[in-house]
Amino acid sequence: MAALARETGRTVLAVTATGREAEDLAAALRSLLPPDGVVEYPSWETLPHERLSPRSDTVGRRLAVLRRLAHPREDDPETGPVSVVVAPVRSVLQPQVKGLGDLEPVALRTGQTADLNAIVDALGAAAYARVELVEKRGEFAVRGGILDVFPPTEEHPCASSSGATTSRRSATSRSPTSAPWRSPNTACGHPLP
(Lines give C-alpha, C1' and ligand atoms only; values in the text may rest on other atoms or scores of the structure.)
Protein backbone atom coordinates (compact mmCIF):
# COMPACT_ATOMS: atom_id res chain seq x y z
CA MET A 1 0.00 0.00 0.00
CA ALA A 2 2.75 2.44 0.95
CA ALA A 3 4.72 1.67 -2.23
CA LEU A 4 1.59 2.09 -4.36
CA ALA A 5 0.80 5.45 -2.75
CA ARG A 6 4.40 6.65 -3.21
CA GLU A 7 4.77 5.44 -6.81
CA THR A 8 1.44 6.65 -8.17
CA GLY A 9 1.11 9.85 -6.15
CA ARG A 10 -2.62 9.12 -5.96
CA THR A 11 -4.79 8.43 -2.95
CA VAL A 12 -5.06 4.71 -2.18
CA LEU A 13 -8.12 3.19 -0.50
CA ALA A 14 -7.21 0.24 1.74
CA VAL A 15 -10.26 -1.77 2.86
CA THR A 16 -10.02 -4.05 5.89
CA ALA A 17 -12.45 -6.57 7.38
CA THR A 18 -12.79 -4.85 10.78
CA GLY A 19 -12.25 -1.52 12.48
CA ARG A 20 -9.44 -2.99 14.56
CA GLU A 21 -7.62 -4.17 11.44
CA ALA A 22 -8.05 -0.66 9.98
CA GLU A 23 -6.41 0.87 13.08
CA ASP A 24 -3.52 -1.60 12.90
CA LEU A 25 -2.96 -1.08 9.18
CA ALA A 26 -3.08 2.72 9.55
CA ALA A 27 -0.50 2.56 12.35
CA ALA A 28 1.79 0.41 10.20
CA LEU A 29 1.41 2.70 7.19
CA ARG A 30 2.24 5.74 9.31
CA SER A 31 5.66 4.22 9.92
CA LEU A 32 6.27 3.99 6.15
CA LEU A 33 4.63 7.21 4.92
CA PRO A 34 4.27 10.73 6.32
CA PRO A 35 1.87 10.16 9.25
CA ASP A 36 -0.46 13.05 8.35
CA GLY A 37 -1.10 11.49 4.93
CA VAL A 38 -2.62 8.29 6.34
CA VAL A 39 -6.20 8.61 7.60
CA GLU A 40 -8.81 6.23 8.95
CA TYR A 41 -12.39 6.42 7.67
CA PRO A 42 -14.43 4.88 10.50
CA SER A 43 -17.70 3.05 10.10
CA TRP A 44 -20.88 4.04 11.88
CA GLU A 45 -21.62 2.22 15.10
CA THR A 46 -25.25 1.91 14.01
CA LEU A 47 -26.88 -0.18 11.32
CA PRO A 48 -28.89 1.55 8.56
CA HIS A 49 -32.23 0.16 9.80
CA GLU A 50 -31.65 1.34 13.40
CA ARG A 51 -33.22 4.62 14.43
CA LEU A 52 -30.01 5.78 16.08
CA SER A 53 -27.52 8.36 14.92
CA PRO A 54 -23.81 7.61 14.84
CA ARG A 55 -21.67 9.21 17.54
CA SER A 56 -20.65 12.79 16.87
CA ASP A 57 -16.94 11.94 16.98
CA THR A 58 -17.48 9.35 14.24
CA VAL A 59 -19.37 11.89 12.13
CA GLY A 60 -16.59 14.44 12.72
CA ARG A 61 -13.83 12.02 11.71
CA ARG A 62 -15.70 10.97 8.57
CA LEU A 63 -16.39 14.59 7.57
CA ALA A 64 -12.75 15.52 8.14
CA VAL A 65 -11.56 12.74 5.80
CA LEU A 66 -14.10 13.64 3.11
CA ARG A 67 -13.13 17.32 3.36
CA ARG A 68 -9.44 16.47 2.95
CA LEU A 69 -10.20 14.34 -0.10
CA ALA A 70 -12.36 17.04 -1.73
CA HIS A 71 -10.40 20.16 -0.69
CA PRO A 72 -6.88 19.38 0.55
CA ARG A 73 -4.90 22.35 1.88
CA GLU A 74 -1.20 22.33 1.05
CA ASP A 75 -0.36 24.79 3.85
CA ASP A 76 -1.52 22.54 6.72
CA PRO A 77 -0.46 18.88 7.10
CA GLU A 78 -3.54 18.09 9.22
CA THR A 79 -5.88 19.13 6.40
CA GLY A 80 -3.52 18.45 3.50
CA PRO A 81 -3.53 15.78 0.80
CA VAL A 82 -4.17 12.17 1.79
CA SER A 83 -1.91 9.32 0.62
CA VAL A 84 -3.90 6.39 2.03
CA VAL A 85 -7.45 6.09 3.37
CA VAL A 86 -7.82 3.00 5.55
CA ALA A 87 -11.43 1.92 5.99
CA PRO A 88 -13.22 -1.10 7.40
CA VAL A 89 -15.53 -2.65 4.82
CA ARG A 90 -18.64 -1.50 6.73
CA SER A 91 -17.64 2.15 6.30
CA VAL A 92 -17.29 1.69 2.54
CA LEU A 93 -20.69 -0.03 2.24
CA GLN A 94 -22.63 2.46 4.36
CA PRO A 95 -24.67 5.00 2.39
CA GLN A 96 -23.28 8.50 2.00
CA VAL A 97 -24.80 11.78 0.97
CA LYS A 98 -23.21 13.42 -2.04
CA GLY A 99 -21.26 16.61 -1.34
CA LEU A 100 -20.31 15.99 2.30
CA GLY A 101 -16.70 16.83 1.49
CA ASP A 102 -17.83 20.31 0.43
CA LEU A 103 -19.15 21.21 3.90
CA GLU A 104 -17.12 24.08 5.31
CA PRO A 105 -15.50 23.15 8.62
CA VAL A 106 -16.13 25.33 11.64
CA ALA A 107 -12.83 27.15 12.07
CA LEU A 108 -12.21 29.76 14.74
CA ARG A 109 -8.91 31.37 15.66
CA THR A 110 -7.70 33.26 18.70
CA GLY A 111 -8.81 36.91 18.54
CA GLN A 112 -11.27 36.30 15.70
CA THR A 113 -14.75 37.83 15.85
CA ALA A 114 -17.52 35.55 14.62
CA ASP A 115 -21.30 35.64 14.35
CA LEU A 116 -22.55 33.47 17.22
CA ASN A 117 -25.75 32.43 15.42
CA ALA A 118 -23.79 31.37 12.33
CA ILE A 119 -21.38 29.31 14.46
CA VAL A 120 -24.28 27.63 16.28
CA ASP A 121 -25.94 26.78 12.93
CA ALA A 122 -22.66 25.46 11.50
CA LEU A 123 -22.00 23.29 14.57
CA GLY A 124 -25.50 21.83 14.34
CA ALA A 125 -25.03 21.09 10.62
CA ALA A 126 -21.75 19.31 11.45
CA ALA A 127 -23.59 16.93 13.82
CA TYR A 128 -22.55 18.57 17.09
CA ALA A 129 -25.15 18.07 19.80
CA ARG A 130 -26.48 21.19 21.53
CA VAL A 131 -26.72 20.51 25.26
CA GLU A 132 -27.17 22.48 28.46
CA LEU A 133 -23.82 21.38 29.91
CA VAL A 134 -20.91 20.18 27.76
CA GLU A 135 -19.64 16.85 29.08
CA LYS A 136 -18.33 14.87 26.12
CA ARG A 137 -16.91 15.14 22.63
CA GLY A 138 -19.03 16.63 19.88
CA GLU A 139 -21.19 18.72 22.21
CA PHE A 140 -21.66 22.47 22.47
CA ALA A 141 -23.63 24.77 24.73
CA VAL A 142 -24.67 28.40 24.48
CA ARG A 143 -25.37 30.31 27.66
CA GLY A 144 -25.84 34.04 27.32
CA GLY A 145 -23.13 35.08 24.91
CA ILE A 146 -20.79 32.20 25.79
CA LEU A 147 -20.15 29.30 23.43
CA ASP A 148 -18.60 26.18 24.98
CA VAL A 149 -17.36 23.57 22.49
CA PHE A 150 -15.85 20.13 23.01
CA PRO A 151 -14.18 18.99 19.75
CA PRO A 152 -15.44 15.66 18.38
CA THR A 153 -12.13 13.82 17.98
CA GLU A 154 -9.25 12.87 20.20
CA GLU A 155 -6.92 13.50 17.27
CA HIS A 156 -7.58 17.21 17.64
CA PRO A 157 -4.31 18.90 18.66
CA CYS A 158 -5.78 20.23 21.92
CA ALA A 159 -7.61 17.11 22.98
CA SER A 160 -6.23 14.71 25.51
CA SER A 161 -7.05 11.03 25.70
CA SER A 162 -8.92 11.60 28.92
CA GLY A 163 -11.04 14.39 27.46
CA ALA A 164 -9.62 16.92 29.89
CA THR A 165 -10.89 20.47 29.86
CA THR A 166 -7.83 21.64 27.91
CA SER A 167 -9.61 20.48 24.77
CA ARG A 168 -12.61 22.71 25.42
CA ARG A 169 -12.84 26.16 23.99
CA SER A 170 -15.09 29.04 24.88
CA ALA A 171 -16.04 32.23 23.14
CA THR A 172 -17.51 35.23 24.83
CA SER A 173 -19.56 37.85 23.09
CA ARG A 174 -20.23 41.51 23.49
CA SER A 175 -23.60 41.08 21.82
CA PRO A 176 -25.77 38.04 21.11
CA THR A 177 -24.58 37.88 17.50
CA SER A 178 -20.86 38.58 17.73
CA ALA A 179 -18.28 36.50 19.58
CA PRO A 180 -14.55 37.17 19.79
CA TRP A 181 -12.88 33.78 19.88
CA ARG A 182 -10.65 33.11 22.87
CA SER A 183 -8.73 29.94 23.53
CA PRO A 184 -7.07 28.84 26.78
CA ASN A 185 -4.09 27.64 24.75
CA THR A 186 -2.75 29.46 21.70
CA ALA A 187 -1.91 26.11 20.07
CA CYS A 188 -5.65 25.44 19.96
CA GLY A 189 -6.28 27.84 17.12
CA HIS A 190 -6.64 24.98 14.62
CA PRO A 191 -9.94 24.38 12.83
CA LEU A 192 -12.45 22.08 14.48
CA PRO A 193 -13.12 18.98 12.39
Side-chain angles (χ1 to χ4, degrees), residues 1-46 54-97 99-109 126-128 136-139 149-169 183-193:
M1 298 285 175
L4 185 62
R6 258 189 297 219
E7 290 172 13
T8 63
R10 299 177 71 188
T11 302
V12 174
L13 174 62
V15 181
T16 63
T18 66
R20 182 68 186 159
E21 287 179 12
E23 292 170 5
D24 292 343
L25 179 57
L29 288 169
R30 286 185 185 111
S31 69
L32 301 170
L33 294 167
D36 290 327
V38 178
V39 295
E40 295 173 52
Y41 191 67
S43 60
W44 296 346
E45 307 81 16
T46 61
R55 292 183 356 207
S56 60
D57 62 330
T58 302
V59 172
R61 290 176 61 202
R62 288 172 63 99
L63 287 175
V65 170
L66 293 173
R67 179 71 183 178
R68 286 181 71 176
L69 291 171
H71 303 283
R73 293 181 51 187
E74 299 291 337
D75 61 334
D76 182 7
E78 290 181 12
T79 58
V82 175
S83 300
V84 180
V85 176
V86 183
V89 69
R90 275 185 51 194
S91 69
V92 176
L93 296 176
Q94 289 165 334
Q96 298 196 92
V97 176
L100 287 177
D102 295 326
L103 285 177
E104 288 284 330
V106 179
L108 300 170
R109 305 238 182 252
Y128 282 72
K136 56 188 173 185
R137 298 189 190 290
E139 294 182 342
V149 178
F150 205 141
T153 63
E154 288 189 34
E155 290 80 21
H156 191 274
C158 297
S160 67
S161 59
S162 64
T165 57
T166 57
S167 61
R168 282 195 201 171
R169 313 235 191 48
S183 171
N185 182 339
T186 56
C188 293
H190 296 285
L192 297 173

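Model, not experiment: these values are computed from the prediction.
- Shortest non-hydrogen contact noted between Ala87 and Val92 is CB-CG2, 3.9 Å.
- Pairs of residues two or more places apart, or lying in two chains, never qualify as salt bridge (Lys or Arg N to Asp or Glu O under 4.0 Å) while including a residue from residues 83-97.
- Note: Leu29 CG to Met1 CE = 7.5 Å, rounded to the nearest 0.5 Å.
- Within the 4.5 Å cutoff, the side chain of Val65 has no heavy atoms near those of the Val82 side chain.
- Between Arg67 and Glu104 there is a salt bridge, with a side-chain nitrogen of the basic residue lying less than 4.0 Å from a carboxylate oxygen of the acidic one.
- Closest approach of Leu25 and Ala14 over heavy atoms only: CD2-CB, 3.8 Å.
- What you find for Ala17 and Val89 is that their closest heavy atoms are O-CG1, 3.9 Å.
- Across all their heavy atoms, Ser43 and Thr58 have their closest contact at O-CG2, 3.5 Å.
- Nearest heavy atom pair, residue Ser83 against residue Leu33, reads CB-CD1, 4.4 Å.
- Note: Thr11 OG1 to Arg68 CZ = 9.5 Å, rounded to the nearest 0.5 Å.
- Two residues are said to be in side-chain contact when any heavy atoms from C-beta on lie closer than 4.5 Å; Arg62 and Leu100 fail this criterion.
- Here the side chain of Arg73 pairs no donor or acceptor atom with the backbone of Gly80 at under 3.5 angstrom.
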Check: Taking it one step at a time, do Tyr41 and Leu66 satisfy side chain to side chain contact (heavy atoms under 4.5 Å, CB included)?
Finding: CA-CA 9 Å; Tyr41 191 67; Leu66 293 173; 3.6 Å; yes
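- Between Asp36 and Pro77, the shortest heavy-atom distance links the atoms OD2-CB, 3.1 Å.
- Residues satisfying the salt bridge (Lys or Arg N to Asp or Glu O under 4.0 Å) test with Asp102, not counting sequence neighbours, are none.
- For residues 13-31, the pairs satisfying salt bridge (Lys or Arg N to Asp or Glu O under 4.0 Å) are Arg20-Glu23, Arg20-Asp24, Arg30-Glu40, with sequence neighbours left out.
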